Amino acid sequence: MAATFSTALDVHCSIPNSSDKKYLKLPTKRFATFCKSPISPPNESDEPQNQNPSLSDQLKPLATTILSNTSTKQDPSQTQLLNKPKSIWVNPTRPKPSVLTLQRHKRSSYSHNPQIRDLRQFARKLNDCDTSEASILAAVLEEIPHPPTKDNSLLVLNSLRPWQKVLFFFNWVKTQKLFPVETIFYNVTMKSLRFGRQFQHVEELALEMVENGVELDNITYSTIITCAKRCNRFDKAVEWFERMYKTGLMPDEVTYSAILDVYSKLGKVEEVMSLYERGRANGWKPDPIAFAVLGKMFGESRDYDGIRYVLQEMKSLAVKPNLVLYNTLLEALGKAGKPGMARGLFENMVASGVTPDEKTLTALVKIFGKARWGRDALQLWERMKANRWPMDLILYNTLLNMCADLGLEAEAKTLFEDMKGSEQSRPDSWSYTAMLNIYGSGGNVEKAIGLFEEISKVGVKLNVMGCTCLIQCLGRAKRIDNLVKVFEVSIQRGVEPDDRLCGCLLSVMSYCEGEDSNKVLSCLQAANSELVAFVNLLEEEKTSFETINKEFRGILTETAVEARRPYCNCLIDICRNRNLTERAHELLYLGTVYGLYPGLHTKTADEWRLNVRSLSVGAAQTALEEWMETLTSIVQRQEALPYLFSANTGAGTHKFSQGLASSFSVHVEKLAAPFAQSEEKAGFFVATREDLVSWVESKGPSLSATT
DNA sequence: TTAGGGTTAG
């Protein structure tokens, strides 16, 4: 290792500040891989964390200006009291302002329309018309079989689709001026517009209602809010919710849970809980839909305590979950990494008489697969077949992915054949990708190639993930000519290379030599020429560290977050396989600085640990060298040391991590480092303080110049 | 979609 590249665990740790652009000019003399706090990856550090105002800000104006106006007269004393929450309700005769009304909106009852058949037929005729021909539509309107009275018009309006027809008919009804156009007409039209994700039209209609003095009720507001939500206009959803309060209308529980979902989707957990608790304090008994909103939110934030809170609330309020709520909670428990809880909840569900549907089973199969609970997964599968529980394409594909996770090739093959013979669930690109993954990760090259050829024959579109699986498999098998062919054919068939595919090519390159390496490089050139230019830069001796840093930062900025660490790992491997050891150390340092290896080194009073589980073989070797050098200088300076040192490679249970422990072991021997594989804990290498100190002493004072 | 709210795929 170059003498200029001495790392130190303890000295010269000027940790760069992510907001300080000066950190781009890194020190070149002393690197400190093991003393950095991770810095946000380059393109994330500049972005504001949250552009949305908090709900406490949102609710402040509501609490002080709107909620207090529920009594018609403005009462300054009340406004003042509202600012002091502890002494709000001095006057017990005044009703408490609430956040929601416990009364649902009452619907007007339908009376039977004797002309229903004629009107439905008329609606069908309109539906069959070409929307683009306004004159034809207008002509059909003249054929309306009965006068467009309020009831008749409403019946037709309810039977029309898509939204263009509904809007056309609604506008026509308005021009007829046979009756005042009431709220329900707007509501029906808005619902259709929501289905077509036409928020702009919805908002225009809402403003028209305001202008014409047509009342906006809870149905109107909830439709506006959910339409805004579906169109990703969360700002508008909040705006209309606030507007509702301002007009003095209280949301009912439907509107309330709709807005809870809006805040949840904005990631505003505290605000959702604040609204939830305020609702509860107002005597609201949340229903399964409200709990589904909370459950989903806590699942998304992987918050197990939150999910437990939801379960507890449901229990204490005696709310019986329905199918959707069960599905949501199962999904949430899966995301929170609680397969045992999910299994228990599923058993409760079946025991309580709720029959699982495709979504239930998809959630559970995914959970068991990810947890590698093979026995549970297979038992569930048997129950699915025995009970003839419903299957759909997504469930089939999830089962295939589970087989991939558990290495169940024969079972996957059976399932895949079942799918080919089925009416509803013919294999699609996801199914083929799962099978390519199964054959590819099992090293079954011929079967994987056969599947690749089959895809185009059956007319299924190849996707980038399937292509990546196959290329990985061919690379491992050193079938480079096949790999190039597959890459070229995939591009011809419209596959657009993504960062994972590039990472896969880069990884193949790292263990290829000579002509093979050039062949893979030419594929990578077509997919990501900047990456190839960077590899060339690494190989040039004259390239300075500053240039490497600048270019690497540029590459990371352009790369999807999940592909950044694999890129860094592969680039380090490439350097090591080409005897560019110093470059490998520079890249590991940069990877640490840019937060690609969080927790690489952890310290407690008793133990210092090097965690290389997420590193490639070359990166782990590089990290070990860095660490040994750092420890050496600490020993030489006679500073305080813990009792135990350990390195964690992982035991290799994951299909791709096998081999890291053994290659690490070889490198430990090569460096004659004092670590031994732990007998108690698989995947751990350990050394005591004494081992380390005597090792350093035996090496003599010039170690750092010799490694 | 039949006047309003919640759930499935690397």
Side-chain angles (χ1 to χ4, degrees), chain A residues 100 104-110 116 120 123 154-163 166 182-196 216-227 229-230 237 251-262 264-265 286-297 299-300 321-332 334-335 356-367 369-370 390-402 404-405 428-431 433-434 436-437 463-466 468-469 498 500 562:
Chain A
L100 86 164
R104 280 252 194 143
H105 190 279
K106 285 200 189 73
R107 290 169 184 236
S108 53
S109 55
Y110 265 146
I116 187 163
R120 282 261 161 86
L154 204 49
L155 205 151
V156 172
L157 202 62
N158 260 321
S159 311
L160 289 174
R161 58 195 53 97
W163 62 269
V166 175
E182 295 167 5
T183 307
I184 187 169
F185 281 85
Y186 283 92
N187 290 350
V188 173
T189 308
M190 281 184 183
K191 186 176 175 182
S192 174
L193 289 167
R194 185 186 63 178
F195 196 74
L216 286 79
D217 61 17
N218 256 289
I219 297 177
T220 321
Y221 280 108
S222 61
T223 310
I224 297 169
I225 289 166
T226 51
C227 178
K229 189 171 67 178
R230 282 184 205 178
D252 63 11
E253 68 170 335
V254 173
T255 314
Y256 206 64
S257 52
I259 202 69
L260 284 184
D261 195 41
V262 168
S264 161
K265 298 249 155 34
D287 65 2
I289 295 181
F291 283 124
V293 169
L294 296 190
K296 168 125 189 171
M297 174 181 77
E300 291 301 319
N322 60 16
L323 177 63
V324 176
L325 179 51
Y326 270 121
N327 290 351
T328 309
L329 291 170
L330 285 172
E331 183 82 13
K335 287 195 170 138
D357 69 355
E358 296 89 336
K359 290 174 185 174
T360 323
L361 299 166
T362 298
L364 213 54
V365 167
K366 197 167 83 176
I367 290 167
K370 292 286 163 243
M391 299 279 288
D392 65 3
L393 182 58
I394 295 180
L395 179 51
Y396 266 115
N397 286 342
T398 308
L399 280 166
L400 287 178
N401 284 328
M402 175 204 80
D405 284 327
D428 68 351
S429 66
W430 289 69
S431 328
T433 299
L436 281 169
N437 186 17
N463 69 22
V464 64
M465 182 75 83
T468 305
C469 289
D498 63 2
R500 286 189 199 207
E562 73 273 9

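Order of the sequence lines sets the chain letters (A, B, ...), proteins ahead of strands, with each chain counted from 1. As a basis for the values below, the full set of heavy atoms in this structure was taken, side chains included, without hydrogen atoms, waters or symmetry mates. No experiment lies behind these values; they were computed from the predicted model shown.
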Would you indicate which nucleotide in B:dG6, B:dT2, B:dT8 comes nearest to any side-chain atom of A:K265? B:dG6
Without decimals, in angstroms, what is the distance between A:L325 CG and B:dT7 C1'? 9 Å
Contact summary for A:R500 and A:T468, nearest pair of heavy atoms: O-CG2, 4.1 Å
Give the rounded distance in Å between these two atoms: CD1 of A:I289 and P of B:dG6. 7 Å
So do the side chains of A:V324 and A:P288 get within less than 4.5 Å of each other, counting heavy atoms only? no
Atom-to-atom span, OH of A:Y221 to P of B:dA3 - whole angstrom: 21 Å
Could you tell me how far apart A:N327 (CG) and B:dA9 (P) are, to the nearest whole angstrom? 12 Å
Please confirm whether any donor atom in the side chain of A:N322 sits under 3.5 Å from an acceptor in the base of B:dG6, or the reverse. yes
Reckon A:N401 touches a base, only the sugar-phosphate, or nothing at all at heavy-atom distances under 4.0 Å? nothing
Categorize A:V188 for me: base, sugar-phosphate, or nothing, with a 4.0 angstrom heavy-atom threshold over every strand shown. sugar-phosphate
Between B:dA9, B:dG6, B:dG5, spot the one nearest the side chain of A:A290, thanks. B:dG5
Do we see A:W430 stacking on the base of B:dG10, given a limit of 5.5 Å between centres and 30° between planes? yes
Would you check if A:L393 and A:S431 make a side-chain contact, meaning some heavy-atom pair closer than 4.5 Å? yes
Using a heavy-atom cut-off of 4.0 Å across all strands, would you classify A:T220 as base, sugar-phosphate, or nothing? nothing
Name the closest nucleotide to the A:N158 side chain, picking from B:dT7, B:dG10, B:dT2. B:dT2
From the list B:dG10, B:dG6, B:dA9, which nucleotide is the closest neighbour of the side chain of A:P288? B:dG6
Would you indicate which nucleotide in B:dG5, B:dG10, B:dA9 comes nearest to any side-chain atom of A:D428? B:dA9
Side chain of A:R194 (C-beta onward), nearest among B:dG10, B:dT2, B:dG5: B:dG5
Taking the minimum atom-to-atom distance to the side chain of A:T328, which one of B:dG5, B:dA3, B:dT7 wins? B:dT7
Length of the line joining A:K366:NZ and B:dT7:C1', which is rounded to integer Å: 11 Å
Does A:S192 reach a base, just sugar-phosphate, or nothing at all? Heavy atoms under 4.0 Å. base
Proximity to the side chain of A:D217 - top-ranked nucleotide from B:dT7, B:dA3, B:dT2: B:dA3
The side chain of A:T398 is closest to which nucleotide in this list: B:dA9, B:dT8, B:dG5? B:dA9
Check this for me, if you would: do A:E300 and A:K335 make a salt bridge, where the nitrogen-to-carboxylate-oxygen distance has to be below 4.0 angstrom? yes
Out of B:dT7, B:dG5, B:dG6, minimum distance to the side chain of A:S257 belongs to B:dG5
Less than 4.0 angstrom between a side-chain N/O of A:K296 and OP1 or OP2 of B:dG5, yes or no? no
Evaluate side chain to side chain donor-acceptor pair (under 3.5 Å) for A:T433 paired with A:N463, printing each intermediate quantity in order. CA-CA 7 Å; A:T433 299; A:N463 69 22; 2.9 Å; yes
Round to the nearest Å and state the distance from A:N187 atom CG to B:dG5 atom P. 11 Å
If you look at every strand shown and take non-hydrogen atoms under 4.0 Å, does A:D357 touch a base, only sugar-phosphate, or nothing? nothing
Starting at CG of A:D287 and ending at C1' of B:dT7, how long is that distance when rounded to a whole Å? 15 Å
Describe the nucleic acid contact of A:D498 in one word from base, sugar-phosphate, nothing, applying a heavy-atom distance below 4.0 Å. nothing
With rounding to whole Å, what would you report as the distance between B:dG10 and B:dG6 at their C1' atoms? 25 Å
Are any non-hydrogen side-chain atoms of A:E253 and A:R104 less than 4.5 angstrom apart? yes
Return the minimal non-hydrogen interatomic distance between A:A237 and A:I259, and the atom names on each side. O-CD1, 3.8 Å
Indicate, with a heavy-atom threshold strictly under 4.0 Å, whether A:R230 touches base, sugar-phosphate, or nothing. sugar-phosphate
What is the distance, rounded to the nearest whole Å, between atom CZ of A:F185 and atom C1' of B:dT1? 17 Å
